[in-house]
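Take a look at the structure below.
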Amino acid sequence: MNAEPLALYVHWPFCVSKCPYCDFNSHVRSAIDQDIWREALLADLAHEARLLPGRRLSSIFFGGGTPSLMEPPTVGAIIEAATTHWQSADKVEITLEANPNSVEAARFADLAQAGVNRVSLGLQSFDDSALAFLGRAHSAREGFAALATAQKHFRRVNFDLIYALPGDTEDSWAATLGQALSLGTSHLSLYQLTIEPGTRFAAMVARREFEPLEPDAAASLYELTDAMTSAGGMPAYEISNHARSGQESRHNLTYWRYGDYAGIGPGAHGRRLGRRTVRHKKPENFLSALARNGHGIAEEAPLSSAEAADEALVMGLRLSEGIDPHAIADRFGLPGIVSPDRIERLVASGHLKRSGSRIALTARGRLLLDYILGQIALVEESRALAVG
Ligand code: SF4
């Protein structure tokens with residue numbers, strides 16, 4: 001039996017409307033047949049389970065889209081099937097992303113009953129004008145009410161906020177963050193607004209309808225975030241994710257520590273026994289592929305040692321625990337994955353720190369993740385011609 005824990009990601013691709021900053025695989029449909037989707041997801045899951053026998057399931061994550069639009073029995077059926085296909089860890093972490101409106105919050109009790117034990121709420125802001133700018137369908141008041149309902153039904157609650165919006169200042173963000181830290185959750189996901197290609201915001205910026213916050217101002221807000229969350233007992237354990245000790249997302253840690261995860265549902269990515277899998281993105285194409293092939297996979301390919309090591313480096317450096325470069329090199333049979341000289345230089349300049357055999361980004365280094373990766377990664381530089 002492969003003792004490595006396994007994570008399961010389930011993608012629900014539907015939303016009531018499309019947010020202007022969103023580049024996730026989300027689709028708006030006038031009607032969704034829950035029976036068809038339940039059966040489709042169960043069949044897609046069974047395909048992965050056949051290829052991953054004897055694994056121990058450590059987490060399930062329902063992401064989207066808006067998975068809180070799933071009927072609780074659909075969620076329950078998937079949880080039951082997953083915990084039947086695979087042995088369960090002591091307590092499987094089962095997270096569901098939810099939008100904070102009253103209709104979805106009314107389902108929380110049933111979702112908890114179905115087995116969900118952690119909820120991640122897309123609050124995004126406490127300010128109605130910022131919520132309107134972000135195209136969110138809920139008000140700040142609805143957000144607080146949904147949070148209170150979530151905290152009643154789930155022991156572990158996370159919420160997301162988006163900051164570094166045009167006009168955000170250190171004072172305004174400090175006030176928001178102070179409020180966020182006082183709300184009693186054990187986990188916070190704090191994302192800076194980024195303008196992704198192909199989104200409505202990208203078109204608006206191109207038309208000069210608004211200007212994103214200056215990078216220096218956004219960097220100051222990141223530093224403020226780091227200081228305030230650390231002082232508040234919820235330090236960053238990943239670039240954008242903060243938790244009280246022991247309350248980190250087990251599921252996301254599996255991604256960042258480069259463990260296996262089965263990804264099912266439209267557009268889901270997965271990593272299974274050294275192979276990368278990608279499902280069809282468009283819901284209708286996913287259903288046709290499933291009817292044809294018994295699974296929704298659009299692409300599946302083995303990862304070379306160089307690709308896998310590169311990905312493990314990129315993911316691992318996001319974590320405050322960092323990486324052990326020798327362990328990654330050994331794992332993928334490579335002589336080395338990082339340049340020792342460049343590591344030394346970045347330690348000396350205060351962008352990286354060492355702890356035994358591990359290296360990690362400092363708070364200053366986290367602002368320059370892409371640059372630092374470009375500096376130190378031997379594997380990416382030479383694609384497989386790793387130098388010791
Ligand atoms: S609710 Fe989430 S997934 Fe849906 S459009 Fe908005 S940001 Fe994208």
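Since the model is a prediction, treat every value here as computed from it, not as a measurement.
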- prompt: So, His153 versus Phe108, ring centres under 6.0 angstrom or not?
  reply: no

Counterpart residues, side chain to side chain donor-acceptor pair (under 3.5 Å), relative to Thr194 (two or more places apart): Glu196

- request: May I ask you to say whether Glu48 pairs ionically with Arg55, meaning some side-chain N is under 4.0 Å from a carboxylate O?
  value: no

- prompt: Is the cationic atom of Arg271 (NZ for Lys, CZ for Arg) positioned less than 6.0 Å from the six-membered ring centroid of Tyr258 and within 45 degrees of its normal?
  reply: yes

- request: Could you check Thr176 against Asp127 for side chain to side chain donor-acceptor pair (under 3.5 Å), going step by step and ending with a plain yes or no?
  value: CA-CA 9 Å; Thr176 302; Asp127 176 70; over 6 Å; no

field: Side chains of Tyr21 and Arg136 in contact at under 4.5 Å (non-hydrogen atoms)
entry: yes

- prompt: Under the 3.5 angstrom rule, does the side chain of Asp128 hit a backbone N or O of Ala140 as a donor-acceptor pair?
  reply: yes

message: Tell me whether Thr66 contacts the main-chain N or O of Ser68 through its side chain, where contact means a donor paired with an acceptor under 3.5 Å.
response: no

field: Flag, side chain of His187 to backbone of Gln247, donor-acceptor distance under 3.5 Å
entry: no

message: Between the side chains of Glu209 and Arg200, is the shortest nitrogen-to-carboxylate-oxygen separation below 4.0 Å, so that they form an ion pair?
response: no

task: Please step through side chain to side chain donor-acceptor pair (under 3.5 Å) for the pair His242 and Thr229, ending with a clear verdict.
output: CA-CA 7 Å; His242 302 255; Thr229 53; 3.1 Å; yes

task: For ring-ring contact (aromatic ring centres under 6.0 Å, His included), just list the numbers for Phe210 and Phe133, CA-CA rounded to whole Å, side-chain angles, deciding distance to a tenth of an Å, and then say yes or no.
output: CA-CA 11 Å; Phe210 74 87; Phe133 171 72; 5.1 Å; yes

- prompt: For the hydrophobic clusters of this structure (ILVMFWY residues joined by side-chain heavy atoms under 4.5 Å, transitively), does one cluster hold both Leu134 and Phe159?
  reply: no

task: Determine, stepwise, if the pair His269 / Tyr255 fulfils side chain to side chain donor-acceptor pair (under 3.5 Å).
output: CA-CA 11 Å; His269 288 231; Tyr255 295 159; over 6 Å; no

- request: State plainly whether the residues Glu300 and Arg272 are in salt-bridge range, i.e. N to O under 4.0 Å.
  value: yes

- request: If the plane angle is over 60° it's perpendicular, under 30° parallel, otherwise tilted; pick one for Tyr9 and Phe61.
  value: parallel

Side chain to side chain donor-acceptor pair (under 3.5 Å) between Arg118 and Thr95, intermediate numbers included: CA-CA 4 Å; Arg118 183 173 180 273; Thr95 305; 3.2 Å; yes

field: Ring-ring centroid check Tyr222 Tyr163, cutoff 6.0 Å
entry: no

field: Heavy-atom donor-acceptor pair, Asp44 side chain to Gly265 backbone, under 3.5 Å
entry: yes

